[in-house]
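Have a look at the structure below before the remarks.
To find a chain, count down the sequence lines: A is the first, B the second, and so on, and within it residues start at 1. Keep in mind that the numbers below use all heavy atoms, side chains included, and drop hydrogens, waters and symmetry copies. Please read all numbers here as calculations on a predicted model, not as lab measurements.
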Amino acid sequence: MDFALNDIQQMLQDSAAKFIQNDYDFETRRRLTESELGYSEENWKLFAELGWLALPFDEAYGGLGGSLTDLIVLQTELGRGLVVEPYFSTVVLGGNLIQRHGSESQQSELLERLIAGELKLAFAQAEPQCHSSITDIETSAERSEEGYHITGHKAVVLGAPSADLLVVAARTSGNRGDQNGLSLFLVDPAQPGVTMQAYPTNDGFRGAEIRFDSVKATLLGEVDSAYDAIQATLNDAIVALSAEAVGVMEKLLNATVEFCKVRKQFGQPIGKFQVLQHRMADMFMECEQTRSMLYFGAITVAGGGEEASHAASMLKVKVGSAGRLVGQQAVQLHGGMGVSDELDVGHFFKRITMINTLLGSRDEHLQRLIRNAQAA
Amino acid sequence: MKIVVCVKRVIDYNVKIRVKPDHSDVDLTNVKMAMNPFCEIAVEEAVRLKESGVATEVVAVTIGPKAAQEQLRTALALGADRAVHIDTSAEANERIESLTVAKLLAKVVEEEQPGLVILGKQAIDTDNNQTGQMLAALAGLPQGTFASEVKISGDEGDKKLQVTREIDGGLQTIELSLPAIVTTDLRLNEPRYAKLPDIMKAKKKPMDVKSPADLCIEVASKVTLLKVESPAERKGGIKVGSVDELVDKLKNEAKVIS
Amino acid sequence: MNIDLTGDELAFRDEVRAFFQNELPPQVMEKIQRGLRISRDDQIAYQQALHAKGWAGANWPVEYGGTGWSATQKYIFNNEAATAQAPRIIPFGLTMVAPVIYTFGNEEQKQRFLPDILASKVWWCQGYSEPNAGSDLAGLKTRAVRDGDHYIVNGTKTWTTLGHYADWIFCLVRTSDTGKKQEGISFLLIDMNSPGVSVTPIITLDGRREVNEVNFEDVRVPVENLVGEEGKGWTYAKVLLTHERTNIAGVASSKQRLKRLREMLSEPPLGMPNLIDNSVFMARVMETEIELKALEFTELRVLSAVSTGKAPGPESSILKIKGTEVQQMIDELYLEASGHYALPFVPEQYEEEGDGIVIEPHFAPNTAPHYYNNRKVTIFGGTNEIQKNIIAKAVLEL
Ligand SMILES: Cc1cc2nc3c(=O)[nH]c(=O)nc-3n(C[C@H](O)[C@H](O)[C@H](O)COP(=O)(O)OP(=O)(O)OC[C@H]3O[C@@H](n4cnc5c(N)ncnc54)[C@H](O)[C@@H]3O)c2cc1C
């Protein structure tokens, strides 16, 4: 048994940490979130050069064949920097779906472009009536002689405004709730019939509501059988997002401890008040427990099978509960400064809050676990 | 031309240093270690010289415990071609003095016969700033210390090295014949981030491991560390209400203006 | 023990309800319906409508134009206002500085200030906190030095809520350095238009300007603006703080928000996740409801004690702590009820001059900004940690 990072992971962590430290300080990040694009193309090119975009993909397509544990090392550092480049939507979601479900030629063509930094993706899955279920899909694709056409409304599609290509989950047969009959499509968002209502998100990213009105779409891989690929990709995505959460939480903890050492009230550093010490001890324990859960989740999800979804839910619950405590207390212990926009703490708090609403909240996953236990 | 570049494993510069309770040394348990930042600059310079066609091979060298191989791997990931580890794990004293380091490096230089040796001007753990100079003396080579710019000119066989040095209050440019020793200052270059594919390839690059005994150098310790103390604690900042208050505090509390 | 409403009280309730249905200024009504925020002008129009009805001074003694309402009437009023989603009353003038003026001010001050406060003609803000005096308020440094019949004020106040709207600020200032810290503090009223006063915005996590830093540079304040005695400001402020804390609980509005949530849970509007079957979430809803019910009764107990002539004591800390905790629990329930629609940042949907609905469910876009912003309630008015210190010391005598 060994939980230490291997050489490669250690070096990946070092170089990512260095990037954040040198090129991604808080004010730089703020400028990026306020810019028109919402992130930096230059950084994106750098990510390509550094091989980050190639990390989880097969060597056959120019990828590096990295494992889920390699991915969480990088994601944790991206969390520490609150990095807003569309890595999650392009690599973790879009790229993984193509790798899992695309045809041979789609894989080689698209992943190669993605790895080179020339293709950004977004995964259009959720819909207004469906917040985290995979099968509750109303968007449908009709087949005609000219191929498939998609109609439907996709909700809160992260990374959509900058995506060159959308990966869209749509129903090709069956009914709402069926696992069979789900397919994935590639859609060029610049086409007529695509209406995109773009917006920033509350934590500095970009997203959109997308409406498709009989839009031409290319089938990704096989028809009707995308459920497994979506499920596996979302499990990976929960692990990756949780890794980011760990980075965010550790930043919140450190910032709070440092603040409490220097902020003085009643003639002493507020960190001397025992009630605050205990609070920070709790935050510390929650960070560590979440990291442990992250390792459990990464190992189990990588193993696949029934266990994977169960572990992903457990992990997401822990991230939700611990993130809530760490985020709220970080703000509380900063006093007024905690709710000011000027300080980075508030922004880490915003991100950890929004992480809970992504890919199914704590309550949703907890309910899922309860249902499974009742059914067993 | 071959370049030997020397790297040292030190505490990561982001880590807050803790001193052991008995003040015998800095506490290194569970502390993140990294390549000395000046050594990173040295590696970067060597790799750039290779990329520009001036150098043909870059050999990274470290002296230290087994774990120091991590820093050699980093040097390999950043572009060095092979590595030499002089493993001091078996030595009684883990603190290897600068002079011993210089002697060991002189042996490596003798074996490798490089056209150029690049080192950091100092390591951020002990701030000695002497290894490069001692190596130059032991190897009988010219040295350009505190380099902020390095240029190589001339034809094969008659190459010259121009080094711009950061000295108090200005810059000095000197010309050296090769082979030579260069020590790097902060502004020489901005080291790159290790690329993931290179990180993976680094695993396959050759690494030679030797002991000081293999090089016929005895690791003797002539300096004893008596005591280590942390710097005085920094006081928390305060927010002043007005320019007048600021001026008053600078005058009467900080006493930095009069 | 009895909580039934009498016939008179029922009649009063109907009157209040009718007011909120029919007599709110139209622009306020419209904004409430469209879910937009209230501007400064709307706020004033609303408070003036209350004044026209004779209902502005809910806590004031009748002799100064107060309503003379019983605890039950206040309770009824607050509930009806919350049900109508009426704006909250900005407390700084009507419920914060006025009680200090009518309790400790001289006759001239009462005549000069109280009528304009009651009529919402003058906007007040609160200048207590400073960069280095937050929880340790008595450590404040803003100085007022006597110069003939003026004080010269120098210093910085911070976190000043709506200071950029204000005409006047009531401040705690230091008039002496000798003796106990608390004894050198005085209560001073300052015209925000005085030369030397400057206001700089502080942006909060929801991206809005709500608080400010207020700077005083050689501001000349007439001596007649001192309330009560020099050096007694701390004592006055403490009385005021207990009022402030009772106010912060926000029971009526919490009840209302929870009720609306319950309604939406049974019939989810477009875009809202179906949560009624989620027993984890429902457990949180029920727990919040129970906590709120207990709090409502705690508040009634405090109010009825006050109406029998007792001042709110350290128990008001319970209201502050529990009231703000419940508010934040409800904020979190709404966040959950927004599902992924908590993510879009579309202020045009809820800002004063917004266009209205951009995203469904209509309530979702404001839930995250509100949640972020509302972390303040456990911080201001004395942090909840400080409130617990008070309970430990003053109630439990630890
Ligand atoms: C949105 C907002 C609006 C505000 N509006 C106004 C206003 O209009 N006018 C005004 O005067 N002020 C206002 N305030 C200021 C508010 O009253 C202060 O923020 C509050 O008193 C806390 O002070 P601080 O921010 O300096 O935090 P600090 O006092 O520095 O506290 C930091 C942390 O330390 C804890 N702590 C401090 N001392 C102790 C102790 N002895 N024991 C245990 N824990 C302790 C606190 O609970 C907190 O968690 C506002 C604040 C906010 C956030």
Side-chain angles (χ1 to χ4, degrees), chain A residues 126-133 155-156 158 197 199-205 207-209 263-267 270 273 275-276 279 317 324 327-328 331-343 346-347 349-350 353-354 356-367 369-371, chain C residues 129 132-139 158-159 202-208 210-211 268 270-275 277-284 328 332 335-336 338-346 358-361 365 367-369 371-376 378-380 383-385 388-389:
Chain A
E127 300 181 359
Q129 82 291 347
C130 119
H131 288 243
S132 74
S133 145
V156 198
L158 290 179
Q197 178 190 1
Y199 41 68
T201 61
N202 268 303
D203 50 357
F205 289 74
E209 296 301 292
R263 171 69 173 169
K264 280 192 181 153
Q265 288 289 277
F266 304 99
I270 56 174
F273 297 122
V275 63
L276 301 193
R279 209 76 66 76
V317 170
R324 169 177 179 269
Q328 292 181 350
V331 170
Q332 182 70 19
L333 268 53
H334 275 79
M337 290 308 288
V339 295
S340 86
D341 175 78
E342 183 189 332
L343 222 62
H347 297 261
F349 167 63
K350 285 182 173 190
T353 307
M354 287 301 115
N356 185 47
T357 72
L358 291 171
L359 305 178
S361 67
R362 167 194 174 273
D363 285 9
E364 287 176 73
H365 283 283
L366 207 45
Q367 179 68 23
L369 292 171
I370 293 172
R371 289 236 166 88
Chain C
S129 308
N132 287 312
S135 296
D136 183 13
L137 188 54
T158 192
W159 309 119
I202 300 174
I203 304 301
T204 42
L205 284 184
D206 48 359
R208 307 186 71 242
E210 177 176 299
V211 286
L270 182 69
M272 177 173 150
N274 180 9
L275 286 166
D277 297 331
N278 185 322
S279 51
V280 179
F281 175 76
M282 289 311 289
R284 287 207 284 145
Q328 293 182 341
E332 291 186 61
L335 208 50
E336 190 72 32
S338 299
H340 52 217
Y341 279 119
L343 275 148
F345 179 65
V346 284
V358 184
I359 295 282
E360 302 274 11
T367 52
Y371 169 77
Y372 296 148
N373 174 284
N374 218 36
R375 300 312 300 174
K376 71 188 174 190
T378 47
I379 295 169
F380 65 22
T383 69
N384 284 19
E385 287 76 18
K388 288 183 189 173
N389 288 349

Which portion of [X] sits near chain C, non-hydrogen atoms under 4.5 angstrom:
X	result
Ile270(A)	neither
Leu276(A)	side chain
Ser340(A)	both
Gln197(A)	side chain
Gln129(A)	neither

Could you look at [X] and say if it's the side chain, the backbone, both or neither that has a heavy atom under 4.5 Å from chain A?
X	value
Glu210(C)	neither
Ile202(C)	side chain
Ala138(C)	neither

### Query
Listed by chain and number, what are the side-chain contact (heavy atoms from CB on, under 4.5 Å) partners of Pro128(A), not counting sequence neighbours?
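By the side-chain contact (heavy atoms from CB on, under 4.5 Å) rule, Pro128(A) matches His153(A), Ala155(A), Tyr341(C).
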### Message
Going by side-chain contact (heavy atoms from CB on, under 4.5 Å), name the residues that satisfy it together with Thr367(C), two or more places apart in sequence or in a different chain.
### Response
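Expected list: Tyr334(C), Leu335(C), Ser338(C), Ala342(C), Phe363(C).
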### Task
Give a yes or no on whether a salt bridge exists between Glu336(C) and Arg284(C), defined as a side-chain N under 4.0 angstrom from a carboxylate O.
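Yes, charged N to carboxylate O under 4.0 Å.
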### Query
Looking only at heavy atoms, what is the nearest atom pair of Asp341(A) and His347(A), with distance?
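Closest pair (atom of Asp341(A), atom of His347(A), distance): O-NE2, 2.8 Å.
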### Query
Do Arg375(C) and Gln328(C) have side chains that get closer than 4.5 Å, going by heavy atoms?
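Yes; the side chains approach each other to less than 4.5 Å.
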